[in-house]
Chemist: 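Sharing a structure with you now.
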Amino acid sequence: MGNRPIVVGAGLTVLLGAVLWQVAGVAVIRHNEYAGLEQQLRSSEQLVPPRRGDILDARGRTLATDKPSFDVMVIPGQLPVSVSTYDDFRYLREWSRDVSGERLQAVLEDHRKRLAGEACVIEIARLSGRSPEAVSTKLVEVMRLAARRNSPYSQMALLADLPFPVWETMKVRLEGAAASVGGVECIVGRKREYPYGGTGGHVIGYTGEMSRTQIESARRFGVIVNAPERDKTRFFELVYSAPGADVRRLKNMAGGLPGDFQDDNDFLAAIAACSGETRFDGELGLLADRFCNDYVSRRLTQGEKDWLKNHPYLADRRMGMAGVEARYNRLLSGAHGYRLIERSLWEDKGSMDEWKRYLFDQKSVAGGSLNLTLDIELQRLAEKAVGRYGRPAACALMKLDGSVLALASVPGYDPQRFALGDAQAVTQYLNSPAKPMLSRAYQEQYPLGSVMKVVDAVAGLEEGVILPQGSHVCEGSIVYEGSTFRCNAAHGPTRLREALAKSCNVYFFLSALDIGPEALFSAGGSFGLGRRTDIDLPGEAAGVFPERSEDGQYHVGGNELLYIAIGQGPMAVTPVQAARVMAGVASRGRLPRPFVASHRPRRFTDIPLKDEESWQIVTKGMIAAVHSPEGTAYEAFNGGMPEGPSFAEEFPYIMVAGKTGTAEHGSRKAGSILSHSWFAGFAPARAPEVAFAVVIENAGHGGGPAARASAEILGGYFRYTRKGATR
């Protein structure tokens, strides 16, 4: 008895000490942790997606626009599922690397069946009017994607573009006070719509989601870079071979060299984040400038940067992936709105109300509209004309200032398939051997064939070795350095006008030997051959053309010189380059920079010529190719058209200057070498408005399909622009 009070007192003292220790731990030791939790409970962040800007054609017709999309999103790590949880799919991501495809599909099917029986899936299916199996199939895709991205708490789309009454009911039932389903949010999102479908698809482009690495780079550097792989590769080659002074400047500019960053994208983002700080000479400077300007898809606002500190995603993850959607993504994308909200509850007359204030409030900024020089009706006409022959083909139609009216490439793709997330259609596009994702108008290059003879003629006249009244005798072929070079006929004595009209190879073989490689290749360089035109579309091919060696000379053999003179051998161009050459001839030596965005400044490069009369002489030969009975394009412009009268019958007062080309490219079929069909020129010949180039793959002689397609395109153009010139 005597010791019991002491024991009880000691026990109470120990118990009280333990309680006080816990209180001290909460109040002092874990103060910061609980203060942070309390802050999270009374504050929240909101990120409001912006409206993406519209894309309009030259006459104000909408080619791409944003419309509201009523979507149901899920947060995978918060879904109330007892089986097939996010953690299961995270494990599945690792396990699937070591099993067969059949075994993986069996496991995924098991997950679909299990999820179809979950209460939350059944409720979502009931409210949306879908079957539980359909919802569970989509949910498996969402869970796998979240696991691949390691993003359990990112919003991910489960159901998109629901009818508003259905979406409204789901929002009340799934997010209301009595909601039993967690991890589901009904939001008003944005969807991209392309009213003209696949017409102009290569120019307009499409949108896709930013990659995880792009989001990570944005979080670290505040900028998102989207550049062609070949330019990335070339840039790193130049960085590794740059002089020491340039390397030191790069290091200071980016805060390190490529090996100092987690990956190459981070280094490029660091370069882009320092836009305009440092300039470099030559190709390195050109590419550095592109990474700082053209290839920057987004520069994040402060609100977006603050959001990414705590979240691994942006509300609107769309970015342009091709065409002007990619090239002008910075203009079109706008900026998210960001709010930091402080909340608390207070009691008034027996009821609880919420009080809130905005600690930070940055409004969303809608993307800007982009007006194009493209005319969608001319685009439709060009695609129909070149697509008539059932072969891959391309066309470029531009004004003489470089503004592009149509840029057709067949086959093409429909951007709406990407906007709708049509995985089957997208897979077909990507895997098709016809390469519909490739714009043959500016991303593919072909031997130019006899269209090159226009450049020969200009060079020869300039050097004084071609005289308008002088002639060469064509006997059907010549022998040079032991090789026979053939013509399409034995033309006899031939002057320049007839040589262009009849496309006499022998005339230009002999002229090329007189001109010499220095003058001929310099002329080709003046016309921009072998270099990008700098059209404002991503992924432009540069073409192929002889360049000077380090000693300043062109080291090309005589045989190669003759082949290049007729557009064969080591040379290739894009249709945009060919149309640009024709614009240079039509404007008497002003070579334009092609562009599709109407706000781009007009820029020209002058082709130096001593004798202005040379342009007129060449134009006469090109007119003869179309309007003289012996011309290689005469039949195409004077014979019947697929629909209606010939071009010459419908427009007898309009003269066209053009040049056919038959470009062999080495492939054989049934023992014969296949040829691409070319036709390029400008019209009206006396007062030029437009320049054009058409190529149809493996279609034979240039006076055939390419010339007929050109006649159809020009007929449509003049019918469209001259109100009185209708059938």
Side-chain angles (χ1 to χ4, degrees), residues 52 55 63-64 191-211 214 225-233 294-295 297 317-329 332 370 372 374 376 379-380 382-384 386-387 389-396 404 406-446 532-533 535-543 572-577 594 596 665 676 693-698:
R52 191 170 177 87
I55 300 174
L63 307 180
K191 65 177 180 178
R192 202 65 168 157
E193 187 170 280
Y194 300 92
Y196 290 89
T199 304
H202 289 108
V203 177
I204 300 165
Y206 62 93
T207 59
E209 284 202 356
M210 302 174 194
S211 68
Q214 286 172 322
V225 178
N226 187 25
E229 286 299 323
R230 67 182 177 192
D231 280 359
K232 288 183 183 179
T233 301
D294 295 351
Y295 296 154
S297 285
R317 294 182 285 276
R318 295 176 301 168
M319 65 181 295
M321 307 301 288
V324 294
E325 287 275 30
R327 176 63 180 79
Y328 292 103
N329 186 77
L332 294 166
L370 176 64
L372 302 184
L374 195 82
I376 199 64
Q379 177 72 26
R380 193 200 310 272
E383 291 179 6
K384 179 182 178 182
V386 299
Y389 300 93
R391 298 175 181 273
C395 164
V404 173
L407 211 58
S409 181
V410 175
Y413 65 87
D414 184 354
Q416 199 66 56
R417 298 299 99 198
F418 290 87
L420 295 174
D422 187 340
Q424 182 177 358
V426 170
T427 300
Q428 288 177 347
Y429 289 147
L430 296 174
N431 295 333
S432 171
K435 300 187 287 189
M437 301 297 296
L438 177 75
S439 175
R440 289 168 164 84
Y442 69 95
Q443 293 176 325
E444 185 64 289
Q445 49 199 29
Y446 305 90
R532 292 175 179 171
T533 67
I535 189 172
D536 49 337
L537 288 168
E540 182 189 9
V573 303
T574 66
V576 164
Q577 286 176 322
V596 295
H665 58 89
H676 300 318
V694 170
V695 62
I696 301 179
E697 293 184 13
N698 301 323

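Residue numbers count from 1 along this sequence.
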Chemist: Between the side chains of R532 and D294, is the shortest nitrogen-to-carboxylate-oxygen separation below 4.0 Å, so that they form an ion pair?
Modeler: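 Not counted as a salt bridge, because no side-chain N and carboxylate O are separated by less than 4.0 Å.
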
Chemist: If I compare all heavy atoms of C395 with all of A441, which pair ends up nearest, and what's the gap?
Modeler: O-CB, 4.0 Å

Chemist: For residues 421-436, which residue pairs qualify under salt bridge (Lys or Arg N to Asp or Glu O under 4.0 Å), counting only residues two or more places apart or in two chains?
Modeler: R417-D422, K435-E444

Chemist: Please report the closest heavy-atom contact between G412 and Y429, naming both atoms and the distance.
Modeler: O-CE2, 4.2 Å

Chemist: Tell me every residue that passes side chain to side chain contact (heavy atoms under 4.5 Å, CB included) with A434, counting only those two or more places apart in sequence or in another chain.
Modeler: P411, S432

Chemist: Which pairs pass side-chain hydrogen bond (donor to acceptor under 3.5 Å, both in side chains) with one or both residues in residues 198-211, sequence neighbours excluded?
Modeler: R149-E209, S211-T213, S211-Q214

Chemist: Can you tell if the side chain of P575 reaches within under 4.5 Å of the side chain of Y446, non-hydrogen atoms only?
Modeler: yes

Chemist: Who passes salt bridge (Lys or Arg N to Asp or Glu O under 4.0 Å) against R52, sequence neighbours left out?
Modeler: E325

Chemist: Taking atom NZ of K232 as the centre, report whether more than 12 heavy atoms of other residues, nucleotides or ligands fall under 6.0 Å from it.
Modeler: yes

Chemist: Less than 4.5 Å apart, side chain to side chain, heavy atoms only: is that true for H676 and V695?
Modeler: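 Counting from C-beta outward, H676 and V695 do come under 4.5 Å.
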
Chemist: Looking at R192 and Q416, would you say the former's side chain and the latter's main chain have a donor-acceptor pair under 3.5 Å?
Modeler: no

Chemist: Quick one: list whatever passes ring-ring contact (aromatic ring centres under 6.0 Å, His included) with Y295, sequence neighbours left out.
Modeler: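 Counting only residues at least two positions away or on another chain, Y295 forms a ring-ring contact (aromatic ring centres under 6.0 Å, His included) with F291.
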
Chemist: Could you pull out the closest heavy-atom pair between P538 and Y442, with the gap in Å?
Modeler: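 Here P538 and Y442 meet closest at O-CE1, 3.2 Å.
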
Chemist: Could you report the tightest heavy-atom contact between L332 and V324, atom names first, then the distance?
Modeler: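 For L332 and V324, the tightest heavy-atom pair comes out as CD1-O, 3.9 Å.
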
Chemist: Do you know which of M319, M321, R327 makes side-chain contact (heavy atoms from CB on, under 4.5 Å) with S297?
Modeler: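 Per the side-chain contact (heavy atoms from CB on, under 4.5 Å) rule, the option paired with S297 is M319, out of M319, M321, R327.
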
Chemist: Indicate yes or no: at least one non-hydrogen side-chain atom of D536 is less than 4.5 angstrom from one of Y328.
Modeler: yes

Chemist: Please give me the minimum heavy-atom distance between G197 and P415, naming the atom from each residue.
Modeler: O-CD, 3.3 Å

Chemist: So how far is it from Y413 OH to M437 CE, rounded to the nearest 0.5 Å?
Modeler: 5.0 Å

Chemist: Kindly indicate whether the side chain of Q379, heavy atoms from C-beta on, has any atom under 4.5 Å from the side chain of Y196.
Modeler: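 They are not in side-chain contact.
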
Chemist: Between L407 and A396, which heavy-atom pair has the shortest distance, and what is it?
Modeler: CD1-CB, 3.8 Å

Chemist: Taking Q445 for its side chain and V573 for its backbone only, find out whether a donor-acceptor pair lies under 3.5 Å.
Modeler: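 It does not hold such a pair.
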
Chemist: Are the side chain of R230 and the backbone N or O of G539 linked by a donor-acceptor pair below 3.5 Å?
Modeler: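 At least one qualifying donor-acceptor pair exists.
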
Chemist: With the side chain counted from C-beta on, respond yes when D231 and T233 share a heavy-atom pair under 4.5 Å apart, and no when they do not.
Modeler: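 Heavy-atom side-chain distance check fails, nothing below 4.5 Å.
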
Chemist: Report yes if the side chains of N329 and N226 come closer than 4.5 Å at any heavy-atom pair, otherwise no.
Modeler: no

Chemist: Side chains of T574 and Q577: does their closest heavy-atom pair fall under 4.5 Å?
Modeler: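 Yes, at least one pair of side-chain atoms sits under 4.5 Å.
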
Chemist: Would you call L63 and I204 a side-chain contact if the rule is heavy atoms closer than 4.5 Å?
Modeler: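 The answer is yes; the side chains approach within 4.5 Å.
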
Chemist: Would V410 and Y389 count as a side-chain contact (heavy atoms from CB on, under 4.5 Å) here? Give the steps.
Modeler: CA-CA 10 Å; V410 175; Y389 300 93; over 6 Å; no

Chemist: Using salt bridge (Lys or Arg N to Asp or Glu O under 4.0 Å) as the criterion, list what pairs up with E697, not counting sequence neighbours.
Modeler: R440

